[in-house]
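Every heavy atom of this structure was used, including side-chain atoms; hydrogens, water molecules and symmetry mates were not. Keep in mind the model is a prediction, meaning the values are calculated, not measured. Within every chain, numbering begins at 1; the chains are lettered A, B, ... in the order of the sequence lines, protein sequences first and strands thereafter.
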Amino acid sequence: MNILYFAWLRERIGVGAETLSPPAAVETVTQLMDWLSQRSAGHAAAFADRKLIRIAVDQVHSNPATRIIGAKEIAFFPPVTGG
Amino acid sequence: MNILYFAWLRERIGVGAETLSPPAAVETVTQLMDWLSQRSAGHAAAFADRKLIRIAVDQVHSNPATRIIGAKEIAFFPPVTGG
Amino acid sequence: MAHKIRVQRAAFDQGDELTKFSARNASSGAICSFTGQMRDFNGPDKKSSETITTMELEYYPGMAERELAELVAQAQQRWGIDDVCIIHRFGNLTPTEAIVFVATASAHRAEAFAACEFLMDWLKTKAPFWKKETGPSGTTWVAAQSSDEDRAKRWENN
Amino acid sequence: MAHKIRVQRAAFDQGDELTKFSARNASSGAICSFTGQMRDFNGPDKKSSETITTMELEYYPGMAERELAELVAQAQQRWGIDDVCIIHRFGNLTPTEAIVFVATASAHRAEAFAACEFLMDWLKTKAPFWKKETGPSGTTWVAAQSSDEDRAKRWENN
């Protein structure tokens with residue numbers, strides 16, 4: 001599973017992408033964020049305030065309750081500021 | 001007083017502008033249209049259906065009741081179709 | 001507020017105008033433009049319409065410029081806009097040529113959009129221009145559309 | 001419906017894009033365009049703001065293009081539009097450069113305006129781009145604005 005980070009999440013975590021295999025018990029985005037938070041102090045800092053985080057599962061806007069079984073690419077980023 | 005005609009009013013009357021001195025009793029746009037209608041068959045045809053006619057007095061959108069005493073330029077035309 | 005109004009016989013390129021307008025409003029974050037192009041048919045769609053070969057645009061010199069300036073002043077009262085450009089053709093036009101161009105510059109996109117659409121809606125019902133179309137069945141003065149009146153009236157309650 | 005979406009590092013000229021877009025939609029009577037330009041200050045107005053010297057635009061390759069295409073499809077379902085062009089920059093930008101360009105072509109001006117504004121409003125809240133500004137006090141990620149969310153939500157009841 002590819003995990004992508006953008007903007008200040010990428011900066012806090014230190015990398016833009018990781019290829020990881022979460023345990024089978026990680027079934028939702030929320031559970032994935034809990035699991036990722038334990039990887040490093042940077043991950044913990046990035047996921048500390050979840051109100052600031054937006055999620056895409058396989059490039060589609062999603063939410064913390066979205067199930068991730070079978071997903072190939074999960075991205076975390078702040079609210080978008082393009083245009 | 002300059003009287004201007006545009007679009008099909010100009011075509012029916014045969015000229016785009018006339019300099020005229022209406023009698024003192026002609027105080028409103030309606031009275032001016034009545035007076036102009038008597039000048040020729042073309043004028044009568046142009047002013048036959050007044051619902052189709054729009055009016056500007058000194059280059060400002062006006063209406064049949066507008067008073068014309070002292071006005072320098074009075075224009076008659078169909079609803080506008082620019083843009 | 002800056003503004004530029006041109007009523008002209010010569011054809012113009014809307015892209016060139018947008019380049020110039022953006023350049024002289026480089027500090028405005030939002031630029032909106034509208035271009036009305038001459039269509040080559042006269043009905044709601046091409047299939048159910050007659051072909052139009054040429055158009056003649058008659059206008060009221062003096063009042064047209066004055067009325068457009070008045071509309072710009074009204075837009076300026078309603079919205080925070082930095083600049084407006086209006087160009088309107090008169091004389092003979094051929095299909096696909098630009099008839100009218102309106103551009104607005106603002107710090108905010110909502111105001112740029114609103115002012116540009118307001119100007120087009122009011123221009124359509126207030127600016128003294130008249131279109132005469134020539135097609136296979138002859139030459140006719142274009143009739144005003146009640147939908148244009150309706151769109152202009154929307155702004156009265158806004 | 002035709003449409004063209006470009007996410008690119010290279011600068012572009014909005015006027016050149018409008019010229020090309022109008023030319024390939026010569027039978028559309030109404031062309032609306034919006035350009036977002038990079039401002040050289042970061043607040044509501046220049047006086048009360050810091051100067052911005054450079055901006056970096058990060059984006060999500062793949063999803064950005066996909067999301068823009070989805071917005072175009074939604075616009076097409078709502079309005080009778082003939083063509084859409086969206087260009088969005090990424091990478092380093094300097095003040096006054098165009099960040100985003102959206103153009104719509106339609107038979108009717110109301111639809112061209114509505115589709116163009118809808119696309120900008122939704123792009124602002126949906127397309128995965130993030131701005132990072134550098135000024136005298138350092139480098140900061142731009143915060144999303146609740147007013148953008150509000151503008152996008154307007155379209156849900158329309």
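When C:A30, C:S28, C:G15 are compared by the number of non-hydrogen pairs under 4.5 Å with chain D, C:G15 comes out ahead. By number of non-hydrogen pairs under 4.5 angstrom with chain D, the leading residue of C:G36, C:A23, C:C32 is C:C32. When D:T104, D:T96, D:V100, D:I99 are compared by the number of non-hydrogen pairs under 4.5 Å with chain C, D:T96 comes out ahead. Between chain C and the residues D:S147, D:S27, D:A103, the largest count of heavy-atom pairs under 4.5 Å involves D:S27. Taking C:I31, C:T19, C:D13 one by one and counting their heavy-atom pairs under 4.5 Å with chain D, the maximum is reached by C:I31. Contact count against chain D (heavy-atom pairs under 4.5 Å) is highest for C:S33 among C:A26, C:S33, C:S22. Of the listed residues (D:D16, D:D121, D:N25), the one with the most heavy-atom contacts under 4.5 Å to chain C is D:D121.
Both the backbone and the side chain of C:A110 come within contact range of chain D, each with at least one heavy atom under 4.5 Å from a heavy atom of that chain. Neither the backbone nor the side chain of D:A98 comes within contact range of chain C; no heavy atom of the residue lies under 4.5 Å from a heavy atom of that chain. With a 4.5 Å cut-off on non-hydrogen atoms, D:R109 touches chain C through its backbone and its side chain both. If you measure heavy-atom distances from D:K124 to chain C, the contacts under 4.5 Å come from the side chain alone. For a residue to count as touching a neighbouring chain, one of its non-hydrogen atoms must lie under 4.5 Å from one of that chain's; by this rule D:F101 touches chain C with the side chain only.
Note that CD of D:Q145 is 8.5 Å distant from NE2 of C:H108, once rounded to the nearest 0.5 Å.
The nearest pair of heavy atoms linking C:A107 to C:D82 is N-OD2, 3.8 Å. The two residues D:F129 and D:H88 come nearest to each other via the heavy atoms CE2-ND1, 3.2 Å.
Ring planes of D:W79 and D:F118: perpendicular class, angle over 60° (limits at 30 and 60°).
Inspection of the D:T134 and D:T53 side chains reveals no N or O donor paired with an N or O acceptor under 3.5 Å. A donor-acceptor contact closer than 3.5 angstrom is absent between the side chains of C:E149 and C:S146.
Only one option out of D:D83, D:V102, D:V84, D:I81 pairs with D:V72 in a side-chain contact (heavy atoms from CB on, under 4.5 Å); it is D:V84.
With respect to the salt-bridge test (charged N to carboxylate O, under 4.0 angstrom), the residues C:E133 and C:R39 do not qualify.
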